[in-house]
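The structure under discussion appears below in the form of structure tokens.
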Amino acid sequence: MVVDKPAGLLSQPGLGLEQSDSVITRLQRQEQGLRLVHRLDRDTSGVLLLARSADALRRLSALFAERRINKLYQADVEGELHGRGCIASPLARLSRQPPRYGSHPEGRLALTIWRVRAACAPGTRLWLRPLTGRYHQLRAHLAELGHPIVGDPIYGDAGRSCRLHLHAQALSFRHPFTQQRVRLISQELPFATEC
């Protein structure tokens with residue numbers, strides 16, 4: 001099953017009663033066997049994949065672990081970028097409250113490919129393809145590049161927007177049972193057409 005997760009909703013419950021509402025708890029009210037295959041940050045919107053059986057969960061999780069699922073995101077970032085590039089840096093947690101990640105020599109390697117989709121002063125809209133799946137990877141990488149994501153309360157300036165401008169646009173992979181190529185594309189408009 002695939003859903004278009006709205007920004008502001010947890011993928012799974014957090015700690016405490018005030019963080020009990022989530023995509024998975026809402027969906028499990030109607031289909032108890034559903035399990036999250038991966039997660040998106042609360043403030044990230046877009047394509048979220050769920051499994052209906054233990055076998056599907058195991059096979060889809062293996063595809064993620066083996067990096068055989070292609071992920072495509074859109075983001076609006078602060079400042080002007082041109083062309084394309086690759087960010088490769090080891091990420092580690094630098095602080096707990098709030099959780100903040102950044103480059104650290106003892107961190108785990110994280111790779112992000114970026115390409116300009118549109119330039120619109122004072123920011124830039126990017127296509128992002130994370131080749132690894134580290135916590136806060138896109139947010140930390142772009143902040144370290146000097147172009148934090150618009151509306152990011154941890155890595156940038158949340159005052160410019162009422163929400164984080166990060167959207168999981170698409171997932172593509174070979175179906176673990178049929179081997180047919182699958183492309184899941186968000187039908188939601190992630191944020192205003194102008195950055």
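What you see is a predicted model, and the numbers here were worked out from it, not measured in a lab. In what follows, every heavy atom counts, from backbone to side chain, and hydrogens, waters and symmetry copies are set aside.
- Ring-plane geometry between H38 and F64 is classed as parallel, the angle between the planes falling under 30 degrees on a 0 to 90 degree scale with a further cut at 60.
- Here OG of S89 is found 8.0 Å from CG of L109. Values are rounded to the nearest 0.5 Å.
- Proximity of a side-chain donor or acceptor of D76 to a complementary backbone N or O of I149 within less than 3.5 Å is not detected.
- Contact of the W127 side chain with the V116 side chain is not registered, since no non-hydrogen atoms from C-beta on lie closer than 4.5 Å.
- K71 places no side-chain N or O within donor-acceptor distance of the main-chain N or O of Q169, the cut-off being under 3.5 Å.
- The list of side-chain hydrogen bond (donor to acceptor under 3.5 Å, both in side chains) pairs with a residue in residues 58-67, not counting sequence neighbours, reads D55-R58, D55-R59, E66-R68.
- Criterion: ILVMFWY side-chain heavy atoms under 4.5 Å apart, direct or through other members. Under it, L36 and L27 are part of a common hydrophobic cluster.
- For the residue pair Q12 and I24, the shortest heavy atom distance occurs at CA-CG2, 3.8 Å.
- With hydrogens and angles ignored, the 3.5 Å screen pairs no side-chain donor or acceptor of T112 with any backbone N or O of I87.
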Exercise for the section: Starting from the C-alpha separation in whole Å, work towards a yes-or-no answer on side-chain contact (heavy atoms from CB on, under 4.5 Å) for N70 and L171. Expected result: CA-CA 6 Å; N70 293 314; L171 293 174; over 6 Å; no
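- Hydrophobic cluster membership differs between V47 and Y73, with clusters built from Ile, Leu, Val, Met, Phe, Trp and Tyr side chains linked at under 4.5 angstrom.
- A donor-acceptor contact closer than 3.5 angstrom links the side chains of R163 and S45.
- Residues H104 and R93 form no side-chain contact, since every pair of their non-hydrogen atoms from C-beta on lies 4.5 Å or further apart.
- For H175, the ring-ring contact (aromatic ring centres under 6.0 Å, His included) partners are F177, not counting sequence neighbours.
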Practice task
Step by step, work out the side-chain hydrogen bond (donor to acceptor under 3.5 Å, both in side chains) result for H167 and S186.
Solution key: CA-CA 9 Å; H167 183 71; S186 172; 2.9 Å; yes
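- The hydrophobic cluster containing V23 also contains L34, counting ILVMFWY residues as joined when their side-chain heavy atoms lie under 4.5 angstrom apart, directly or transitively.
- The shortest side-chain heavy-atom distance between L166 and L128 falls under the 4.5 Å cut-off.
- Considering T44, D43, D41 as possible partners of R139, the one that fulfils the side chain to side chain donor-acceptor pair (under 3.5 Å) test is D41.
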Exercise for the section: Decide yes or no on side-chain contact (heavy atoms from CB on, under 4.5 Å) for Q187 and D4, but give the supporting numbers first. Expected result: CA-CA 8 Å; Q187 297 302 306; D4 240 335; 4.2 Å; yes
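- More than 12 heavy atoms of other shown residues, nucleotides or ligands fall within 6.0 angstrom of atom CZ in R181.
- Judged by distance alone, the side chain of D152 and the main-chain N or O of I154 form a donor-acceptor pair under 3.5 Å.
- No donor-acceptor pair under 3.5 Å is formed between the side chain of T132 and the backbone N or O of R134.
- Put simply, L57 and F173 are part of the same group of oily side chains (I, L, V, M, F, W, Y) that touch within less than 4.5 Å, one to the next.
- Residues R174 and Q179 come closest through the heavy atom pair NH1-O, 3.2 Å.
- The nearest pair of heavy atoms linking S20 to T25 is O-OG1, 3.4 Å.
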Handout entry: Check against salt bridge (charged side-chain N to carboxylate O under 4.0 Å, His left out), D21 and R26
Key = CA-CA 7 Å; D21 187 26; R26 289 181 184 188; 2.6 Å; yes
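- Between the R117 side chain and the L126 main chain, no donor and acceptor come within less than 3.5 Å of each other.
- Proximity of a side-chain donor or acceptor of S95 to a complementary backbone N or O of P98 within less than 3.5 Å is detected.
- One hydrophobic cluster, built from ILVMFWY side chains closer than 4.5 Å, cannot hold both L94 and Y135; they sit in different ones.
- Of the inter-residue distances, the one linking R125 atom CZ with Q74 atom CD reads 5.5 Å to the nearest 0.5 angstrom.
- Nearest approach of A51 to L60, heavy atoms of both residues: CB-CD1, 4.4 Å.
- With Q19 contributing its side chain and L17 its backbone, the two residues share no donor-acceptor pair below 3.5 Å.
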Exercise for the section: Given side-chain hydrogen bond (donor to acceptor under 3.5 Å, both in side chains), test S103 with E144 step by step and report yes or no. Expected result: CA-CA 8 Å; S103 286; E144 287 189 6; 2.4 Å; yes
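- At most 12 heavy atoms of other shown residues, nucleotides or ligands fall within 6.0 angstrom of atom CD in Q32.
- Between the Q137 side chain and the L111 main chain, a donor and an acceptor come within less than 3.5 Å of each other.
- Between the side chain of Y155 and the backbone N or O of H147, no donor-acceptor pair lies under 3.5 Å.
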